[in-house]
Amino acid sequence: MDICASPCKKPNSESKQTSIDDLSNDLLVEILHRIPLKPAHRFKCVSKRWVQVICQPQFAQRFTHRMKLLYRSQLSPPFTLFFQCSFPRPFPVEFKHFQRDSQFMSSNFSLSFLPQYPNPIIFIATSNGLVLCSTTLLSQMMYYVCNPLTANWVALPVPPRFDSHVLAGFVCHSYYDDVDTITRFKVVRVSAIETQKKSLDLWVEIFNSDTSEWQQFTEQCEGLLVTMDFTKFQTHAVLAHNDIMHWAHCGSRYILAFDPYNKHDHKCRLIRQPRELSDMYGHVCLSACQGRLRCLFLSNSTNYRLLFQHWELEDYYAGKWCLVAKFPVSNTNLLRVLGIHPVDPNTVYLLRTKNIVLLNAHTQQMEVVYYFTEGQFGRDNTMMNPFELYLSKKKLNAFQFVLQWWPTPVPKLDKGNTIGQRSVFDDGGVF
């Protein structure tokens, strides 16, 4: 039979055209998990069905797996440094993206979605994509846990004990099961108890997101003496490494470590900083890179140069430190070390009076990556005397924030606790 002779069917104008709504959930996942993070998250605003598809743990798993394949050459997910000045008063949290990543290009990437009291929100700690904040710098009683990317947040119940100087810490875990994406976190508060003994006792409060309650108990820490001023532990330099909280002491060259997951005794211990730093004066920066605790330090060398030191805690439980790098750097208004790249130990960020510089520890070269603007921290810098200007930058705290391949969900607490949740049908959130 001649095909050309066969009659042609006229197109049926009444036949239903296939739309994206006719696709199965499996096909929809196959399409949506291939788009970038920014539109993928915003597409939850399209419909309730798309919300259900995108919020499935299988979608997050597929999306994360694909992102890791696309960015094999990238050492880690994109990261940024949040920073906040606390002199002469707390100023709003700011961020600076040091990688050209679209997720950090939005001007709305901030903590402005949290309830703003007379004073700005205080940034305390970060873990696996979530951030712990407080409403006050001292005498902390109100805490928020939030995700800066999704603008979701939860308010914690008020802790049972009041103390003017509290060391607060935060650790978070997120994983997938067959039904949901599970996020769990713990918030730790540590304060000192005055006793008649030579050693200090610690009052510990732990908030568990699973129970939505505070647990409190006393803890002894061997070597923590009354003569060691507890208020000199750096409240804004908490580091959660391997689920253990670490606070550096400004005077004694010790690090206070607390393990909230230790179900036995000795949750708390002191780690001595490298002995070579004992006689040196300056600010120690605690950080973590490549799975190990790091201690970074700037000390006086000559009139025109400073000595940069990078130490790695080679044996955590034995307290054995290993010197990674030690070399002089030009003393061009350098104040201290701000932080280190989460994966590359040769990338270090330093604070100067007028800018932030990147130090390449391999080449020992520095380049400016951020300039402070006039009046950024209150009064115009030209209106400050040299000492005020020095203090305003000295009180600038930096926090490393690593962007997760897929946003970490903020867990809901038990009924009766405040939770703030942006609607999935809003204007697209912070993106």
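These values consider heavy atoms only, across backbone and side chains, with no hydrogens, waters or symmetry-generated copies. What you see is a predicted model, and the numbers here were worked out from it, not measured in a lab.
- Thr218 contributes no side-chain N or O that, together with a main-chain N or O of Leu202, makes up a donor-acceptor pair within less than 3.5 Å.
- No hydrogens or angles considered: nothing links the side chains of Tyr316 and Arg292 as a donor-acceptor pair under 3.5 Å.
- At least one donor-acceptor pair closer than 3.5 Å links the side chain of Ser212 to the backbone N or O of Asp414.
- Of the possible donor and acceptor atoms, one in the side chain of Ser127 sits under 3.5 Å from a partner among the backbone N and O of Cys172.
- Side-chain contact check for Gln404 and Trp406: no donor-acceptor pair (N or O, by modelled atom type) lies under 3.5 Å.
- Looking at heavy atoms from C-beta onward, Leu358 lies in side-chain contact with Thr347 at the 4.5 angstrom threshold.
- Between Leu114 and the options Pro120, Cys133, Pro148, a side-chain contact (heavy atoms from CB on, under 4.5 Å) holds for only Cys133.
- Phe170 contributes atom CZ, which lies 6.0 Å from atom CZ of Phe185 (distance to the nearest 0.5 angstrom).
- Judged by the 6.0 Å distance and 45° axis criteria, Lys186 is positioned over the aromatic ring of Tyr261.
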inquiry  = Applying side chain to side chain donor-acceptor pair (under 3.5 Å) to His173 and Asp243, what does each step give before you reach the verdict?
reply    = CA-CA 9 Å; His173 290 285; Asp243 296 341; 2.9 Å; yes
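- Once rounded to the nearest 0.5 Å, the distance linking SG of Cys285 with CG of Leu296 reads 5.0 Å.
- The shortest side-chain heavy-atom distance between Leu132 and Leu130 does not fall under the 4.5 Å cut-off.
- Put simply, the side chain of Arg189 gets close to the backbone of Gln140: a donor and an acceptor are under 3.5 Å apart.
- The CG atom of Asp210 sits 10.0 Å away from the CG atom of Leu413 when rounded to the nearest 0.5 Å.
- Judged by distance alone, the side chain of Asn147 and the main-chain N or O of Thr408 form a donor-acceptor pair under 3.5 Å.
- The backbone N or O of Leu239 sits nowhere less than 3.5 Å from a side-chain atom of His241 that would complete a donor-acceptor pair.
- Evaluated for a side-chain contact (heavy atoms from CB on, under 4.5 Å) with Phe258, the options Ile206, Ile244, Leu167, Val238 yield exactly one hit, Ile206.
- The line from CD of Gln290 to CD1 of Ile340 is 8.5 Å long, rounded to the nearest 0.5 Å.
- Annotation: side-chain contact (heavy atoms from CB on, under 4.5 Å) contacts of Gln216 (sequence neighbours excluded): Pro160, Trp203, Glu205.
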inquiry  = Could you go through Phe207 and Trp214, starting from their C-alpha distance and side-chain angles, then the distance that decides it, and tell me whether this counts as ring-ring contact (aromatic ring centres under 6.0 Å, His included)?
reply    = CA-CA 4 Å; Phe207 180 84; Trp214 289 95; 5.5 Å; yes
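- When all heavy atoms are compared, the tightest approach of Trp247 to Ala168 is NE1-O, 3.4 Å.
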request  = Apply side-chain contact (heavy atoms from CB on, under 4.5 Å) to the pair Cys295 and Leu277, showing each step before the final yes or no.
outcome  = CA-CA 10 Å; Cys295 184; Leu277 304 181; 3.9 Å; yes
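- The shortest side-chain heavy-atom distance between Tyr144 and Pro115 falls under the 4.5 Å cut-off.
- When every heavy atom of Gln273 is checked against every heavy atom of His249, the shortest pair comes out as NE2-O, 3.8 Å.
- Rounding to the nearest 0.5 Å places CZ of Arg294 at 4.5 Å from SG of Cys289.
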